2 protein chains.
Amino acid sequence: MAPKAKAALSDRSNRRDDVLEAAAALFASKGYAATSIRDIAQQVGILSGSLYYHFASKEELLLEAHARGVAQVTEAVEGALAAAGTPPWERMAAACCAHLEVLLGPSPFSQVITPQFPSHFDGDVRATLLQQREGYEDIFRTLVSALPLPATVSPRLFRLSLLGALNWTPTWYQPGGSESPASIAGGIVDAFRLQLDPGA
Amino acid sequence: MAPKAKAALSDRSNRRDDVLEAAAALFASKGYAATSIRDIAQQVGILSGSLYYHFASKEELLLEAHARGVAQVTEAVEGALAAAGTPPWERMAAACCAHLEVLLGPSPFSQVITPQFPSHFDGDVRATLLQQREGYEDIFRTLVSALPLPATVSPRLFRLSLLGALNWTPTWYQPGGSESPASIAGGIVDAFRLQLDPGA
DNA sequence: TACAAACAACCAATCGCTTGGTAGCCTGAG
DNA sequence: CTCAGGCTACCAAGCGATTGGTTGTTTGTA
């Protein structure tokens, strides 16, 4: 059905972006390996062969979708940090809030990041995925180093635990629920913060 | 179709378990969709068709491997709780330690649990995966409810954050490292515990 | 005309799964 | 002891469908 939904709008919007967005949505919901290029093409309304005019391979689709997802989260977090104050815990809370709002938001790109374990890929793809994430994690490395943590707490383990709690939320979060991503982020940060600042 | 075929045991090495273990190892390292029946059969040293004497389908392989993984973690945690004392935080620490020791240990079954997002599956398979995990999470529901948490902290969000931090460890843990799963679990629990017990 | 963007047809390879057949072992009747 | 018969565990071959990807041609628009 819908032989041509066509028309009027091939306008401003880039068809290549449409393909990338459809790919990201399918990767996020079904996983990379379970998504075929015909699935992606059908979602956009083109044939599988036409897809290769825009992208050289399925791997390129994944890498670019993943990169865009990381870029979106990075942009959101850096924007939140620019608007935040100077207290370290306040900055951390702002970053985690922005992180979760994008991760649990409607963008299909950010949803590609967490479910695709880099360990499921080999060689170049795996290396590229890890490299794309590394720059983003540096933001949190800096944020953690500014916190007044007790000497008994390893900053690295603290960072990994916090990011783990945040990145695990897509497993149980349901968009229709009563809790907003921002309130969830606040609750998670509180669980880690109260240890030094009991007067919340 | 299948009466209790289990009764007659060939005491020698159970070939069916070999297949299941190979399947679990491949599911854990490459993901379910990226693992083919022929991959599994080749790992065991049989042909792909022979595999269907032991298992009816690839889905059955996943479901049984997942169930065995959940059973292993459940057994380890319940054993640790039986040997632990009565203080709520001590019991929680013991459970988390056992949880991580199995999750990061050598068993391929437990490693199937975390990387396979149930959201990547449909219908019966998804429902079964969720059901298998539910019983295990009840243990942590009970443990959290016994903790003297401040009223501002949601027990549900606390539990999900703690499990998120734990279940995220396979993403970054490397077996050769200097930290043991037990010490990692202790560090994670400490990050959540210090809030009420600063004199640790 | 010129070019971007798509179609249509196809490829070799691989997918999950089915089938018919058969060694090797164990059992129990003769 | 023999040996038919059943059972376990597998092999060999192949099914239709689908995979990622390629190629030559056609379309819409400027």
Side-chain angles (χ1 to χ4, degrees), chain A residues 1-24 26-27 30-66 116 120-125, chain B residues 1-24 26-27 30-66 116 120-125:
Chain A
M1 76 184 205
K4 20 186 57 177
K6 133 61 160 233
L9 305 188
S10 71
D11 56 1
R12 279 252 168 254
S13 67
N14 200 344
R15 204 85 169 118
R16 188 187 141 100
D17 282 351
D18 295 344
V19 174
L20 191 59
E21 189 169 331
L26 286 169
F27 291 162
K30 301 172 50 178
Y32 173 75
T35 301
S36 73
I37 60 120
R38 284 172 180 81
D39 289 338
I40 303 169
Q42 187 177 356
Q43 191 84 9
V44 188
I46 61 175
L47 264 53
S48 69
S50 314
L51 197 148
Y52 284 88
Y53 173 79
H54 302 283
F55 296 91
S57 68
K58 188 185 175 187
E59 282 185 353
E60 184 180 307
L61 234 16
L62 171 68
L63 260 30
E64 196 158 329
H66 186 269
Q116 319 294 334
H120 288 174
F121 299 93
D122 301 2
D124 293 340
V125 179
Chain B
M1 304 294 279
K4 302 182 65 176
K6 270 210 154 181
L9 291 183
S10 59
D11 292 338
R12 307 177 309 170
S13 65
N14 199 339
R15 207 83 168 114
R16 189 187 141 99
D17 281 352
D18 295 344
V19 174
L20 191 59
E21 189 170 331
L26 287 169
F27 290 163
K30 300 171 52 178
Y32 173 75
T35 301
S36 73
I37 288 290
R38 288 171 178 81
D39 288 338
I40 302 169
Q42 187 177 1
Q43 192 82 7
V44 187
I46 62 176
L47 264 51
S48 69
S50 313
L51 197 146
Y52 284 86
Y53 172 78
H54 301 284
F55 296 91
S57 68
K58 189 185 175 186
E59 282 185 354
E60 183 179 309
L61 234 15
L62 171 68
L63 260 30
E64 195 157 331
H66 186 269
Q116 320 294 334
H120 288 174
F121 299 94
D122 301 2
D124 294 339
V125 178

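Since this is a predicted model, take the numbers as computed values, not measurements. Proteins get letters first, then strands, A, B, ... in listed order; numbering begins at 1 in each.
- Across residues 51-63 of chain A, A:Tyr52, A:Ser57, A:Lys58 each have a non-hydrogen atom less than 4.0 Å from an atom of DNA chain D (numbered order).
- Between A:Ile46 atom CD1 and D:dT27 atom P there is a gap of 18 Å when expressed in whole angstrom units.
- The phosphate of D:dC11 (OP1 or OP2) has a side-chain N or O of B:Ser50 nearer than 4.0 angstrom.
- Counting heavy atoms from C-beta on, the side chains of A:Tyr32 and A:His120 never come closer than 4.5 Å.
- Within residues 35-43 of chain B, the residues approaching DNA chain C are B:Thr35, B:Ser36, B:Ile37, B:Arg38, by heavy-atom distance under 4.0 Å.
- In this structure, the separation between CG on B:Asp39 and CZ on B:Phe27 is 9.5 Å, given to the nearest 0.5 Å.
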If you apply the rule side-chain contact (heavy atoms from CB on, under 4.5 Å), what do you find for B:Phe121 with B:Leu62, and how did you get there? CA-CA 11 Å; B:Phe121 299 94; B:Leu62 171 68; 3.7 Å; yes
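- Applying side-chain hydrogen bond (donor to acceptor under 3.5 Å, both in side chains) to A:Arg16 and the options A:Glu21, A:Glu64, A:His54 leaves one that passes, A:Glu64.
- To the nearest 0.5 Å, the span separating CD1 on B:Ile37 from CG on B:Leu26 amounts to 10.5 Å.
- In this structure, B:Val44 and B:Leu51 have side chains that are not in contact, with every pair of non-hydrogen atoms separated by 4.5 Å or more.
- Between the CD atom in B:Glu59 and the CG atom in B:Asp124 there is a gap of 8.0 Å [rounded to 0.5 Å].
- Between the CG atom of B:Asp18 and the CD atom of B:Gln43 there is a distance of 11.0 Å, given to the nearest 0.5 Å.
- Between the C1' atom of C:dA6 and the CG atom of A:Leu47 lies a distance of 9 Å, rounded to the nearest Å.
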